[in-house]
Structures are given as C-alpha cells and as structure tokens.
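To keep things clear, I will list the structure first and then write my remarks on it.
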Amino acid sequence: MSDKTKKDYKQTLNLPQTAFPMRANLPGREPGWLETWEREGLYQKIRAASQGRPKFLLADGPPYANGKIHMGHAVNKVLKDIIVKFHTLDGRDAPYIPGWDCHGLPIEHQVEKKKGRFEDKLKFRQACRDYAMKQVEQQRVDFKRLGVLGDWERPYLTMLPRYEAEQLRALATIIANGHVYKGYKPVHWCLDCRSALAEAEVEYQDKRSPSIDVRFAVVDEAAFAAAWGEPAGEGALSVPIWTTTPWTLPGNQAVALHPDLEYSLVSCDVGNGAERMVIAADLVDRVMSRFGASDYRVLGNRAGSVLNGLLLQHPFYDRQVPLILGDHVTLDAGTGAVHTAPGHGQEDFAAGLANDLPLDNPVGANGCFLPGIELVAGLHVYKGNDRIIEILEEHKALLKLEPIEHSYPHCWRHKTPLIFRATPQWFVSMDEKGLRRTALDEIRQVAWTPDWAQQRIEAMVEGRPDWCISRQRAWGVPIAVFVHRETNELHPRTVEILEILAGRIGEEGPDTFAVWQAADAQELLGDDAEDYEKVTDTMDVWFDSGCMHHAASAIFDELESPADLYLEGSDQHRGWFQSSLLTSVAMNGHAPYRGVLTHGFAVDEKGRKMSKSVGNIVEPQKIANSLGADVLRLWVAAADYHGEMTVSDEILKRTADSYRRMRNTARFLLGNLHGYDPSENKVAPGDMLALDRWALARTAALQAEVLEAYRSYQFHLIYQKIHNFCVVDMGGFYLDIIKDRLYTMPADSVGRRSAQTAMYHIAESMVRWLAPILSFTAEEIWQALPAPADGAREESVLLSLWQDQPEVDPGDTDWSELIGVRDAVNRELERAREKGDIGSSLAAEVDLYCDGNLQEALAALGDELRFLLITSYARLHPAAGKPGDAVAADEGPEGLWISVSQSEHAKCGRCWHRREDVGSNADHESLCGRCADNVDGAGEARRWA
RNA sequence: AGCGCGAUAGCUCAAUGAAAGAGCACGCCCCUGAUAAGGGCGAGACGCUGGUUCGAUUCCGGCUCGCGCAACCA
C-alpha cells in the first residue's frame, strides 16, 4: 500500500470544512458587526418585525452624562440588553430607548473648571449643554461597543427641551395634586455646590472635628433653686453642653434635656475653683474625668423635666436661651444636655418648632457668617470653629477641647463635609396628601427581584423626610412658579401658567430656563404681578430623571407608563427607584413600574469596590479591546448579579476559555454542516438514528431549561447549562461518536444526513440561546449557518424567534444507562492506556459480560455498540462466561464485567478501525469491509449510532 | 443599635431532609481527520457551633467573616 493510496482514501472522507474561524479575534471583528447592524438598521428592522407583538417595556435609568463609562455602567447596560434581546427572541416587541441624565452640578463644575465662571447664565447653560452632549457622545460610543442594541440616535436626554417641557407639566400635576410646599428648613448644604442636597446625595464619611464642652451659665440661681428644690453646695452654676460643631454656637437658641433622664447636680473643681454643673447622672463619671476633675461630689438628682424653661446665658452673646425638653437627647456622648441650633439640624429644627424658638440662619450660601453676626461676621464656618473656640476661652466658657474622629455627612460628589443650613426650599410633602401611604401601597403591587428589595424600599419610603426638590443652581430645569412676596404662597394660577410656559418650549429650544427668564409677570399674572416674584431655584436632578416615566412616554410613541421593568444597581433604591416612584405616585397614584430588578456592584477579587485610589479599576473598554465585548458580556451573564460581581484577571481568563469552548463547539457543528442544505437533506425525526433522536430530545429539554432561566433572569444558569451542554453532551459524547458517521459514510447517506439534521437543529437552537448574551458571536454563527435553498432566512439572529423543538419519539433506549456503560468502558480503556497496551481507543477491542436487561439493551445496538464506545470491536457475552481478568464495573451499571484487549487486527486506512475484514476487498486492500462498501458500494446501514 | 443578603473544591456556578454535581484551573495519559483544537482518567468542597430529626450541607438558633442598608450626625 503506497502513501498515495492512503491519501486518496482520505479524500473520500467528509471532513469538516468551514470559513468560521476558530480564533475569534473579537476586538478586531466586533466593530465590523456594529457597522453592519447600523448600516442595515437592525434596530429599526427589529421594531418593524415586532409590530403588533405584545410589548415588553424596559425603562432605561439614565446614566449621568459625565465621564467615561465604568464597569457598573457596563454591567447595567449589558443586563438590560440581554433582557431586551431575550424578550425579542421570545416574541415580544421590546423597544429600548436609552437615556441620559444631563443637568446638575457635576456638569456645572466641569464647565467652570474648564472655562471659568460665566456672568451670563444663558451662555453658561449653553456651555453646560455642549459639555453634556459631548459626554453623551462619548458614552454612547462605549455603550454601543459593548453590543448594546437600542435607539442610540434617538435617546431621551433630560436636557431635551421637549423633556424639560414635560417635566414642567409633571411638576404642574404634582402641584395641582397638592404635594408641593415651600418651607424654611435646615437642609444639607454643600459649600462646594452652594446648594441644598437631597438625602440621596449625602453620604457619611469619617471626619476629624474639634469636640468641645461649653458652659452655659444658669441666669437666675434663685429660679434654679426653686425648680430643683433643696439646693446644695456652692459656686457658679452651669449646664455644660458638648458639640462637635463649634461654629453652630452663634445659632444656639436652647439647651435640650431629656424629660425622663436623671440629671445630677455635681459639685466640682475643674480649675476655676468650686462650681456646680448639671450633668446626666449616668455620664457624671465620664464627663468629670474628661474635664480632669478628680474631686467631685453629686449633690442630688432630678429628672430633666424639672428644669424645663429655666434660662441659661449664651456663652458669648448677650442672649438668654431656655432649657427645653426633647426625647432625642441620648446618653451616647456629651453631657446629656444638647446644644440646640434650630437652623443647623433636623432635630434641633423640630425642637425649635415645638418650643417656639427663633429660627435664625447666620450662615450664607458661601459658608461664611453673614454680615451683622457678632464676632464672626464674614468668617468661613470652618475658620469660625477656631475663632469660636478662642472666644469661648476668652469667656471662660470652654471646659474641654479635643479632636474627635466621627462619621459626618459629606457631599457624594465633592466628598466634602456638609453643613446644615436653614434656607427657604421647595418640598414634596410625603404626608400632606398621603404620598407616603399611597407609595407604600404601590410598592406592594410591584414585583421586586430579589424579593427583599421590597422591604428595603419600604423601609426607606417609610422613614424618609419630605423631598427637597429645589436647588440653587443654574444648570437645571427652573421651578417656574410665582410666589407671593409676603405669604410665600404659590400663585393660584400656577398650574395653568406652567402649562403656558411648557407650551412655549420648542423642539430645538428655547429651553425652560430661557422661557422662564423671558416670562413677563405682567403678562402672565396681570394685576397680581406686583405682589408676586419669580422663583429662581432649579429642580433637583433626581426630579428630572424621576419623571422619565412621564416625560419619555410623552415624547416616544413606543414608551408608556407603567413600564414592565426598571433594572438598576441596588444603590438606586434611594435614587431613581424612589424618585420615579414618588413622582409617579404624586402624579397618577400608581407606580411607574410593574417590576424592579436590581444588581450588585463589580468588585475586585478581594471583594473590594473598584476605586481609583485603590487602583483596582477594570475598564470595560479595555476588556472589549483585548478579550472582546462578548467575553465581557459572558462574564456579566455568568456572574450571579444578586450579590457583588467579582472581576479579576483570572475570572476573565476563565470566561474567555469557556467562550472559546462554546465557539469551537459551534465551529465543529458548522464545519460538519458543510454541504448540508436543510431544505434538501433534512431527515424526518422518525427516520433518524436513535442517537440523533437522543440529541434532539436533549436539545429540546435544554431549551426548555434555558428559556425558563431567561424568564427568571437567571443568566448565570444559562451560561452554565449551555457550556455544560457543549462540553459534556456534545464534545464528550455526541459529537465524538458521530464523527465516524459524518466522516466515513457516503455524503448523502441517511446515516450522515441524520447526524447533520440533528447538528443543524442543535446549531439553530444554540445560536438563539446565545444571541442575547454573545450577540456578536451569535451573529457570526448565524451568518455561517447553511441557508436553505428554498427559503428566506432572517438576516440577523435577532430577527428570528426561538427554534421550534420537534417532538421526538425517544424509543425504548435508556441512554443514561448506555452512557453509564460507556463511562465504565472508558475507565477500563484508560487503564489499558496506562499499561501501554493501547493509545487510541480504536486500538482496543472490548468484551462485555452481563445478563438480563442490561444485556438486552446493549444487544439491541448489535454491532453498532462499537461506535458508541469508539472501539474497534464491542462483543457481548453472558456474565457466566466472564474470564478471570474481566473487571467489574465499579460504579454505574450493575452486573457488568469488562475486558479490554489490544486489537490484533489490521487498521483500516480510512476509518482507522481495526477489523478482521481489512483487505478482504481486492480493489481496496487497505480498507475494512464497510469502508469498501461506503467508498465503492451501496454504503453501510446504521440504525443506532 | 439594628435590619437584610451571602458563605458549597483554587475560580465560576448547581442540586438536595438520606452516598454533594458540573465546567474551568490543576495532575497524568491519549489522539493528531474540530489542531493556537479534541478525547480519557484522576485528585479536590458543604465557614464554625448547638438544636429539631431515625438521618441535616439542606430546617431552626447562636457565632465568625464578607457585603449592602441603616445608625452615628447634638
């Protein structure tokens, strides 16, 4: 036999052939798909094809238009994209209109940083608008690069004039429904923002502050004696307070005691001779040791309530302030007597209301004491701290000064400490018109995933204060209302006027600000004009995005409220989920969503949040440009997003490995579908071989599982299942076995066409399972699949629906039993291999010894058992005849003994099986009988494998 | 204070009131007709601790650790 003949026979094989490359080169190839999709208008084609199908509406929470996208953005958009594409394949009309949050302070800051301050507000706003637009462009490119498909050329931007107009209408409705009021309240004030902040914009961080104890002298000892009764001891009488914000002392209007706590009158000497102080009984020792008083004596105890109303001397102003009572007083720190400045704290404010204290506001928007504030006018509050401490020393009122590390509210953008400052602000009332109650009712109507998210938002809505919706900033949507100069009441025609103003806002502008600036009070209010003034505040940006349910639905025909799903990171419980809920309930009395799904954050392998300072940032752009967007998408899908999602080099590498495995499985299927025309060569399920029918059944079962996992948004299960299918069912079993048939049987034989029919079906199914996740690769597979000669095929996988799974008669074969036998044989083959008896399994012959059902099941396959086991011979014998060296199958099938031997027969030059009949055909000396028949005869017949 | 979520092999994920599965990674072997592929074999895990139960990784309690929310803001 010459080499030449060998080669000739190789040409008679049907080896795989495909242009679908093994190497994905995703970074190189993905942009090409993006171009194609865009050029072909894929998104629009999907819309057209989905017309009339039941809708699935995902509302896109708008990312803030500033900075490059990070992993959190990527996770969020990819999850959204997976869901939208799933519903598309599932036969729904699922439009995706992305949005951006465009107003607000961070943009103002960036613009000021780059271009300095502007005198002209209109010009400044134009600069902000230009800047935001640039950010949108940049983020849009990055989002698209991840394969996120949507109406990217027609996004909703909160700065679109039309959006702003709808926002005004939303405000009008909320005002009409009676939820809005103007209040003078202490709010979190960011000195860098020069604006009030919403709860959601505050975060607590550790800060070092001066902590001081301050004497408040009792004004009238006689009055004290009368209240306390049986006064004892000698010396000056005072009530010391403790604070970490000395600068708030100019605003002090009272000292609060707890009505029910015990207070002690303590006689002591802290370096100024004998004196007496009132201190919470439980704190006496701590306070005394803090003051350095070793020798002190408790003269008596009284409940705080007995001192109610007693006057104290302000430590450095000519002001007498009362002792008041409040339940907020605790014994955690301090002296049990709480410095109360109604303008500088929430509880202080409440206490001030209850006790009719003056509400003064000595600090300006810039953080400096207002002119006219004695001793500290013009000083910045933090400089004020030091000055106040000096003043206290001068007045001998300072008992103790020490630095303290404590957690303190900070601006979440600037990371700088906030102050509490009383200012006039606009609020949405949580309770005035039952907003809180209705919102809580609505929360219970929504499907929250995971379900504990419901508790979480309930707790937040239950406990939150009124929503401060005003900001003292330029880059936002004006609160375009008139208030009465004296009464602060809204003009009675406010709602009507808002509608007039909204009507003046054009598609391309003017925007709300310009309209409001140009609005003429005389024209709008007539005779009332003189008594009313224009409000110059803008709206909290959370209000902007929060009313997306209204604004975007008004602008885009395809959107409506409520949406089926809001999907955001879990931080949005206090952000967008809540602002959307509140605006929607305030407007319409119902939630803007039927379902809410949350995901965790991306963290590094040590579970740490990604942060610039730690330097553990993984950039989505970098992954897309190195491993490919599909690998990034696969990582998102593979992670259990309910908790934190760990990213690391190792994890990404693993992800890329499993990507390759799935890709190669697809490649093998495609390669062996070469020359297969589904419209010509399809074999009816009833005519297919048993093993191929098994493959169809397995595919159908898996599809059911995959779809169920998609429906319940458990993408990590999908990834596991598909990957497992590729590795175990396909690579490790089915594909390995059918190679013989595919390669060696005549191209158009039933045996080969049956396998191809199954493979075609598997590929058609799998490409769809993968499409929502591996969008690029699925499209690549889709284009490589053989097109039926007789019919059109959708031009993109995303224009198709799930593959129909034919009912197949599984027959009597128990495949799990056969697989068990195969595994047992493999273990024996491995032992033979290790002994050096065999290499390839085709070098072996197998003798199986068993009885009963097992024997029958194996016997049914006849000679085809050897193809299942991929050995050259597989012979069956009664168990009784087993030789001494036959090995009992240790696990799996009962009553099976296996004997593996090295084949003595010649190897067929074509199929590589070692057979007795090699050379029996004179025309084909190097071939076995069936190969000779396959090459030159009618071809073999197969029924099983 | 607290509340919630989580803890399964090196990694990513399963399942289960009764011998805990998979893939990747790892070790060894084979193949060279899926070849920057493929096949086989192997080793490897229920955070700790009580209780309920005939039996607990699974149900309940406590602890530890991680994460989130909340709190601390005088």
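Protein chains get the first letters and strands the later ones, always in sequence-line order, with residue 1 at the start of each. This structure is a prediction, so every number in the text was calculated from the model and none was measured.
Looking at heavy-atom distances under 4.0 Å, Thr243(A) makes contact with sugar-phosphate atoms alone, never a base. Within the 4.0 angstrom heavy-atom criterion, no nucleotide atom of any strand lies near Leu829(A). In this structure, Ser570(A) reaches neither bases nor backbone, as no heavy-atom distance under 4.0 Å exists between it and the strands shown. Contact annotation for Gly732(A): backbone-only contact, meaning every heavy-atom pair under 4.0 Å involves sugar-phosphate atoms and none involves a base. Nucleic acid contact for Arg831(A): none, since no nucleic acid atom lies under 4.0 Å from a heavy atom of the residue. As judged by a 4.0 angstrom heavy-atom cut-off over every strand, Ile870(A) is placed among residues making no nucleic acid contact. Using a 4.0 Å heavy-atom cutoff across all strands shown, Gln720(A) reaches at least one base atom of the nucleic acid. Heavy atoms of Thr245(A) sit under 4.0 angstrom from primed sugar atoms or phosphate atoms, though from no base atom. Using a 4.0 Å heavy-atom distance criterion, Asp736(A) is classed as a sugar-phosphate-only contact. Using a 4.0 Å heavy-atom cutoff across all strands shown, Ala639(A) reaches sugar-phosphate atoms only and no base atom. Residue contacts for Val728(A): at a heavy-atom cut-off of 4.0 Å it reaches the sugar-phosphate backbone alone, with no base atom in range. Within the 4.0 angstrom heavy-atom criterion, no nucleotide atom of any strand lies near Arg663(A). The residue Gly839(A) sits close only to the backbone: its heavy atoms come under 4.0 Å of sugar-phosphate atoms, none of a base. Among the heavy atoms of the strands lying under 4.0 Å from Lys739(A) is at least one base atom, whether or not backbone atoms are also near.
In this structure, the CD atom of Gln454(A) is 19 Å from the P atom of rC3(B), given to the nearest Å. One can place CG of Leu742(A) at 17 Å from P of rG38(B), the figure rounded to the nearest angstrom. If you take CZ of Arg464(A) and C1' of rA71(B), they are 18 Å apart, rounded to a whole angstrom. For the pair Asp823(A) CG and rG39(B) P, the computed distance is 14 Å after rounding to whole Å.
Side-chain contact annotation: Ser926(A) with Arg910(A), donor-acceptor N/O pair under 3.5 Å absent. Side chain to side chain, Ser712(A) and Gln714(A) meet the donor-acceptor criterion of an N or O pair below 3.5 Å. Residues Ser211(A) and Trp242(A) bring a donor and an acceptor atom of their side chains to less than 3.5 Å of each other. Using a 3.5 Å distance cut-off with no hydrogens or angles, the side chains of Thr777(A) and Tyr659(A) do pair a donor with an acceptor. With no hydrogens or angles considered, a side-chain donor-acceptor pair links Ser903(A) and Glu845(A) at under 3.5 Å. Side chains of His339(A) and Thr248(A): a donor on one and an acceptor on the other come within 3.5 Å. Asn252(A) and His314(A) share no side-chain donor-acceptor pair at under 3.5 Å. Arg421(A) and His188(A) share no side-chain donor-acceptor pair at under 3.5 Å.
Using N1 to N3 plus N6-O4 or O6-N4 for Watson-Crick, or N1-O2 and O6-N3 for G-U wobble, each under 3.5 Å, rC11(B) pairs with rG23(B). Within the shown strands, rC3(B) is the pairing partner of rG68(B) under the Watson-Crick or G-U definition, both distances less than 3.5 Å. Pairing for rC54(B) is absent, with no Watson-Crick or G-U wobble pair whose two atom distances lie under 3.5 Å. Checking rC73(B) for Watson-Crick or G-U wobble geometry (two distances, each under 3.5 Å) identifies no partner in any strand. Across all strands shown, rG47(B) pairs with rC63(B); the Watson-Crick or G-U wobble distances both stay below 3.5 Å. Base pairing of rC31(B): no nucleotide in any strand meets the Watson-Crick or G-U wobble criterion (both distances under 3.5 Å). With a cut-off of 3.5 Å on both pairing distances, rA18(B) has no Watson-Crick or G-U wobble partner at all.
The separation of rC3(B) from rC13(B), taken at their P atoms, amounts to 28 Å, rounded to a whole angstrom. For the P atoms, the distance from rG10(B) to rG47(B) is 12 Å, rounded to whole Å. The gap from the P atom of rG23(B) to that of rC63(B) amounts to 39 Å, rounded to the nearest Å. Nucleotides rG51(B) and rA70(B) have their C1' atoms positioned 31 Å apart, rounded to a whole Å. Taking atom C1' in both rG38(B) and rG33(B), the straight-line distance is 11 Å, to the nearest Å. Straight-line distance between the P atoms of rG50(B) and rU58(B): roughly 13 Å, to the nearest whole Å. Rounded to whole Å, the C1' atom of rA19(B) lies 14 Å from the corresponding atom of rC46(B). Nucleotides rA9(B) and rC48(B) are separated by 10 Å at their P atoms, to the nearest Å.
One finds no side-chain N or O of Arg660(A) lying less than 4.0 angstrom from the OP1 or OP2 phosphate oxygen of rC24(B). The side chain of Arg661(A) contributes no N or O atom lying less than 4.0 Å from OP1 or OP2 of rA34(B). The side chain of Tyr743(A) contributes an N or O atom lying less than 4.0 Å from OP1 or OP2 of rA34(B). Applying the 4.0 Å criterion to OP1 and OP2 of rG40(B), one finds that Arg827(A) has every side-chain N and O outside that range.
Distance from the side chain of Arg574(A) is smallest for rA70(B) among the nucleotides rA70(B), rG40(B), rC24(B). You'll find that the side chain of Phe668(A) is closest to rA34(B), out of rC69(B), rA34(B), rG33(B). Out of rG23(B), rU32(B), rA37(B), the shortest distance to the side chain of His723(A) is found at rG23(B). The side chain of Glu644(A) approaches rC67(B) more closely than any other nucleotide in the set rC41(B), rC67(B), rA70(B). With rC41(B), rG4(B), rU12(B) as the choices, the nucleotide that has an atom nearest any side-chain atom of Ile651(A) turns out to be rU12(B).
Both tests pass for Arg663(A) against the ring of Phe20(A): distance under 6.0 Å to the centre and angle within 45° of the axis.
Both Arg23(A) and Tyr719(A) sit near RNA chain B, but only Tyr719(A) has its closest nucleotide nearer the 5' end. Between Val727(A) and Trp912(A), the residue whose closest nucleotide on RNA chain B is further toward the 5' end is Val727(A).
Judged by centroid separation below 5.5 Å and plane tilt below 30°, Phe601(A) does not stack onto the base of rG68(B).
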